[in-house]
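Working notes for the structure below.
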2 protein chains.
Amino acid sequence: MSAPESQIFIVDDDDAIRDALGWLFRSRGHAVRTWPSAEALLDSGEIAHCGCLVLDIRMDGMSGLELFDWLHEHGHTLPVIFLTGHGDVPMAVGAIKQGAFDFVEKPFNDNELVDRALAALAMHREQVSKRAALQAIEERIAQLTQREIEVMERVLAGQMNKVIASDLGVTMRTVEVHRARIFEKMGVRSAVELAQVLAGRKD
Amino acid sequence: MSAPESQIFIVDDDDAIRDALGWLFRSRGHAVRTWPSAEALLDSGEIAHCGCLVLDIRMDGMSGLELFDWLHEHGHTLPVIFLTGHGDVPMAVGAIKQGAFDFVEKPFNDNELVDRALAALAMHREQVSKRAALQAIEERIAQLTQREIEVMERVLAGQMNKVIASDLGVTMRTVEVHRARIFEKMGVRSAVELAQVLAGRKD
DNA sequence: GCGGCCATTGTGGAAATCCGCAACCGCAGG
DNA sequence: CCTGCGGTTGCGGATTTCCACAATGGCCGC
């Protein structure tokens, strides 16, 4: 609750490892929650509060890799650090290429693991704020009517009002009205600002 | 010469591997060049013609990883597929995180390696064209005078000519002239287009 | 010193954008 | 039936942008 999305989650079916990791992070002042299995974590519904997931690969039931895939498929994009005592190269390569934050073999170096986890948390905070910004834009776009979107597309294409007007088969005045509403709803004051805001995001 | 930047380069100090890989790719109709060492490749000055580098890690002299780092430091950004018979997990993870395209253990599957190499070539072509586009923009920006850049920054900030004028301590007319020149040099016809062109690139 | 590039300014007009005020129409919902 | 929303249009005026034509002054290299 103090740090809603900055908690470190640890999933490992080995009690000893779980306790050791919990102690490790807590001793350095970081909020940590531990889970004995992937299912336990998912069932808790707490996944949204996770800022960094330290995941054992070999577990009974759902494996770490399976949980990783599940999270991806369900849009939960958060940094995952895999922890394993039986990893091989192809597995590690696959995990990293699929976007895992790191892949660490046991036994691991305490300091390094903490550093990686903190780096992961920092990256997650970055992502969260960026996503928030992007979503704010999407919400504004969602407020636009269909007609306004048509006009906006053409404005962004650099077309003049008169062109847009004849293009859509309406008068210039109508385009002007739409244009004004677009600027208002999108929270900008000119076509240039609009272009800036909409830049840096793939449609 | 037929495909200047689409050649596959193979670097391995094992003659047998080199020949086998050369044969493998050529038998499938892909241009390949092989080198017995990292130094041989660098000395040849042919690196710019490479579209995909298949690199053995353990070699006499400069290792595959060292060559990889060297290329990075010298701005040669091209997809590298590491090939190794003695790789460990940390090495693989490190290589991938540093941007290696893939990390394959020997013995490898012929079809998979060819597929990966082709994917790497495709990615490289993408990168090359994108880089070319970005450089074209940079060259246009380079043509702008200092004053024009100052004006452009303000235009992109959505400021009106009158504001820019008082801001820079000149008359509106002067700003208009600069503005026109900017559009001309940048090859656009409006401020919106300018914003579009300059979007999607970090300053 | 001359020519070229750059920054600057003016005049004056055409074209485009921006806006408040007002209104009509069609359609969905209460 | 009345209301609200979205799309549409008109009028008229203030602002802003865009441009052609014309010109001055500074700096730099030949």
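First the proteins, then the strands, lettered A, B, ... as listed; each starts at 1.
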Between Asp56(B) and Lys106(B), is there a side-chain N and carboxylate O pair less than 4.0 Å apart?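 Looking at Asp56(B) and Lys106(B), the cut-off is met.
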
Main chain of [Y], side chain of [X]: is a donor-acceptor contact present, judged purely on distance under 3.5 Å?
{"X": "Arg26(B)", "Y": "Val32(B)", "answer": "yes"}
{"X": "Glu148(B)", "Y": "Thr145(B)", "answer": "yes"}
{"X": "Ser63(A)", "Y": "Met59(A)", "answer": "no"}

In residues 151-161 of chain A, what residues come within less than 4.0 Å of DNA chain C, judged by heavy atoms?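 Hits under 4.0 Å, by residue number: Met160(A), Asn161(A).
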
Residues of residues 166-178 of chain B with any non-hydrogen atom less than 4.0 angstrom from an atom of DNA chain C: list those, numerically ordered, please. Val170(B), Thr171(B), Arg173(B), Thr174(B), Val177(B), His178(B)

Please round to 10 degrees the angle between the axis of the first five pairs and the axis of the last five pairs in the helix from dG1(C)-dC30(D) to dG30(C)-dC1(D). 40°

Rounded to whole angstroms, how far apart are [atom1] on [X] and [atom2] on [N]?
{"X": "Glu150(A)", "N": "dG6(D)", "atom1": "CD", "atom2": "C1'", "value": "13 Å"}
{"X": "Arg179(A)", "N": "dG7(D)", "atom1": "CZ", "atom2": "P", "value": "17 Å"}
{"X": "Arg147(B)", "N": "dC27(D)", "atom1": "CZ", "atom2": "P", "value": "15 Å"}
{"X": "Ile164(B)", "N": "dC18(D)", "atom1": "CD1", "atom2": "P", "value": "10 Å"}

If you define the side chain from C-beta out and look only at heavy atoms, does anything of [X] sit under 4.5 Å from [Y]?
{"X": "Leu144(A)", "Y": "Met186(A)", "result": "yes"}
{"X": "Leu198(A)", "Y": "Met152(A)", "result": "yes"}
{"X": "Val54(B)", "Y": "Phe9(B)", "result": "no"}
{"X": "Thr77(B)", "Y": "Leu71(B)", "result": "no"}

Can you give each donor-acceptor pair under 3.5 Å made by side-chain atoms of residues 157-174 of chain B, sequence neighbours left out, with the distance rounded to 0.1 Å?
unit_1	atom_1	unit_2	atom_2	d
Asn161(B)	OD1	Arg179(B)	NH1	2.5
Ser166(B)	OG	Val163(B)	O	3.1
Asp167(B)	OD2	Arg154(B)	NE	2.9
Thr171(B)	OG1	Thr174(B)	OG1	3.1

Compute whether any side-chain donor of one residue and acceptor of the other, for Glu139(B) and Gln143(B), lie under 3.5 angstrom apart. no

Could you pull out all donor-acceptor pairs under 3.5 Å where a side-chain atom in residues 115-128 of chain B meets a protein atom, sequence neighbours excluded?
unit_1	atom_1	unit_2	atom_2	d
Arg116(B)	NE	Asp102(B)	OD2	2.6
Arg125(B)	NH1	Ser6(B)	OG	3.2

Identify the 5'-most and 3'-most nucleotides of DNA chain C with at least one atom closer than 4.0 Å to a non-hydrogen atom of chain B.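 Counting from the 5' end, contacts occupy dC6(C) to dT11(C).
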
Under-4.0 Å side-chain N/O to phosphate OP1/OP2 contact, Lys162(B) with dT15(D):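 Checking dT15(D) against Lys162(B), no side-chain N or O comes under 4.0 Å of OP1 or OP2.
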
Please state whether the rings of His74(B) and Trp70(B) are parallel, tilted or perpendicular, taking 30° and 60° as the class boundaries.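 His74(B) vs Trp70(B) ring planes: parallel.
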
What orientation do Phe103(A) and Phe82(A) show, parallel under 30°, tilted 30 to 60°, or perpendicular over 60°?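 Answer is tilted, since the angle falls between 30° and 60°.
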
